[in-house]
Amino acid sequence: MNRLIQLLADNRQSKARRFEVVAVDGTDEAEVYLYDAIVSDEIEAEWWGGVAAAPFVKALRGITASTIHLRVNSPGGSVFAARAIEQALREHKARVVAHVDGLAASAASFIIMGADEIVMAKGAMVMIHKGWTFAMGNADELRRTVDLLDKLDGTLVDTYADRTKQAPEQIAEWMAAETWFTATEAVEHGFADRLADSAADEDEDEDEAEAAAGWNLSAYLQPPKAHARLPESVQAGELAALTEHRDRQQQRMAALLRTPIR
């Protein structure tokens with residue numbers, strides 16, 4: 001099973017979902033809540049939930065405030081949709097401050113790279129890993145898919161290395177290991193600029209549960225233990241229906257997902 005499909009299916013019923021643009025009263029500032037997975041298009045969003053690049057970029061370009069606070073709690077998603085969002089953040093004339101309120105995992109971890117400043121809340125986490133995809137075909141087609149994944153991972157290494165100033169070899173090693181950074185570690189290694197408050201210097205292992213609040217992360221290899229399970233809100237019947245739909249859609253998704261995803 002494609003792990004992005006699993007991630008979306010596991011979190012389809014999540015109450016953590018929120019995508020909203022809010023003006024901050026009495027200021028020339030705006031808040032954008034990206035509390036959701038990132039999906040390829042609005043059709044995908046209609047079924048699985050999640051935020052597609054097109055509506056996000058449209059909403060972002062409609063903001064005229066001088067400062068944008070991007071508030072993030074996302075389990076990740078489509079790499080190319082996230083790239084489009086990242087670039088839109090880079091191009092916006094406002095000063096963009098990314099606040100990792102809970103989780104910036106996978107594709108969300110490079111969305112925040114497009115901000116002018118990255119702030120980590122206590123208990124928040126950043127996760128980076130190598131790209132995923134689903135592929136079908138003969139040996140030549142599969143080799144081309146592998147080559148494309150290698151190119152994709154190379155671009156991500158460059159993005160993280162540019163921001164963090166870490167050696168590309170170190171970034172690649174972290175990605176291969178699916179590395180989860182606590183708030184303090186994210187700052188220490190250059191994935192964020194500062195902690196949200198001085199109390200974040202405390203031992204953050206106890207706060208892992210806060211980082212991924214509302215998300216089931218069992219699609220990943222090494223998620224925080226509290227989130228490697230199915231939410232109680234997804235009952236057996238709902239899970240069976242999701243699984244049946246997933247199986248029916250495998251052929252369609254194979255065509256849609258021939259390009260790498262996160």
Side-chain angles (χ1 to χ4, degrees), residues 1-21 32-60 70-86 88 101-112 127 129-136 149 152 178 212-221 223-224 227-262:
M1 178 182 180
N2 179 273
R3 285 195 281 170
L4 178 58
I5 298 175
Q6 180 186 344
L7 181 71
L8 297 176
D10 287 346
N11 290 286
R12 190 178 180 211
Q13 305 297 324
S14 175
K15 295 179 180 180
R17 295 184 182 284
R18 181 182 182 188
F19 171 51
E20 186 178 10
V21 176
V32 179
Y33 286 85
L34 181 56
Y35 282 24
D36 214 334
I38 312 302
V39 294
S40 298
D41 54 49
E42 293 177 77
I43 295 175
E44 204 169 86
E46 184 177 352
W47 175 255
W48 298 109
V51 178
F56 183 98
V57 172
K58 181 178 180 180
L60 186 71
L70 175 66
R71 312 208 69 97
V72 179
N73 182 24
S74 172
S78 167
V79 65
F80 291 117
R83 280 300 204 188
I85 291 171
E86 175 198 358
D101 292 337
L103 180 65
S106 186
S109 68
F110 56 85
I111 283 178
I112 63 175
M127 185 275 277
H129 71 130
K130 298 184 73 171
W132 300 338
T133 194
F134 178 87
M136 296 176 62
L149 278 170
L152 169 65
E178 187 189 284
W215 303 119
N216 173 4
L217 304 174
S218 59
Y220 294 118
L221 299 177
H227 298 276
R229 64 182 189 277
L230 193 69
E232 293 180 2
S233 61
V234 181
Q235 303 299 322
E238 292 178 282
L239 179 59
L242 288 172
T243 301
E244 181 183 356
H245 178 80
R246 179 205 69 205
D247 292 341
R248 292 198 310 268
Q249 294 296 326
Q250 285 292 339
Q251 191 170 13
R252 172 180 176 271
M253 293 302 292
L256 292 175
L257 302 176
R258 295 297 287 273
T259 51
I261 55 177
R262 294 282 287 177

*Got a second to check how far Phe110's CZ is from Ile38's CD1, nearest 0.5 Å?*
9.0 Å
*What's the spacing between Leu221 CG and Met127 CE if we round to 0.5 Å?*
8.5 Å
*asked:* Using every non-hydrogen atom in the two residues, find where Ser106 and Gly77 come nearest and quote the distance to one decimal.
replied: OG-N, 4.4 Å
*What heavy-atom pair brings Ala45 and Gly50 nearest, and what distance separates the two atoms?*
CB-O, 3.5 Å
*Separation of Leu149 CG from Lys130 NZ (nearest 0.5 Å)*: 8.5 Å
_Is a donor from one side chain sitting under 3.5 angstrom from an acceptor on the other, for Tyr35 and Asp101?_
yes
*asked:* Please give me the minimum heavy-atom distance between Ser40 and Ser78, naming the atom from each residue.
replied: OG-OG, 3.3 Å
*For Glu86 and Ala82, indicate whether the former's side chain and the latter's backbone hold a donor-acceptor pair under 3.5 Å.*
no
_Measuring only between side-chain heavy atoms, which start at C-beta, is Trp48 closer than 4.5 Å to Leu7?_
no
_Parallel, tilted or perpendicular, judged at 30° and 60°: which one describes the rings of Phe19 and Phe56?_
parallel
*Hey, mind stepping through Leu217 and Leu103 against side chain to side chain contact (heavy atoms under 4.5 Å, CB included) and telling me if it holds?*
CA-CA 11 Å; Leu217 304 174; Leu103 180 65; 3.8 Å; yes
*Indicate yes or no for a side-chain donor-acceptor contact from Ser109 to the backbone of Ala104 under 3.5 Å, with no hydrogens or angles considered.*
no
*How many angstroms lie between CD in Gln6 and OH in Tyr220, if you round to the nearest 0.5 Å?*
10.0 Å
*Leu60 CG to Ile85 CD1 distance, which is reported to the nearest 0.5 Å*: 9.0 Å
*Crowding at CD, Glu20 (>12 non-hydrogen neighbours, <6.0 Å)*: yes
_Rounded to the nearest 0.5 Å, what separates atom CG in Leu34 from atom CG in Asn73?_
9.0 Å
*Closest non-hydrogen atom pair, Trp215 against Pro75*: CE2-CD, 3.6 Å
*Can you find a heavy atom in the side chain of Val72 that is under 4.5 Å from one in the side chain of Ile112?*
yes
*Do you know the tightest heavy-atom contact between Ala54 and Glu42?*
CB-OE2, 4.3 Å
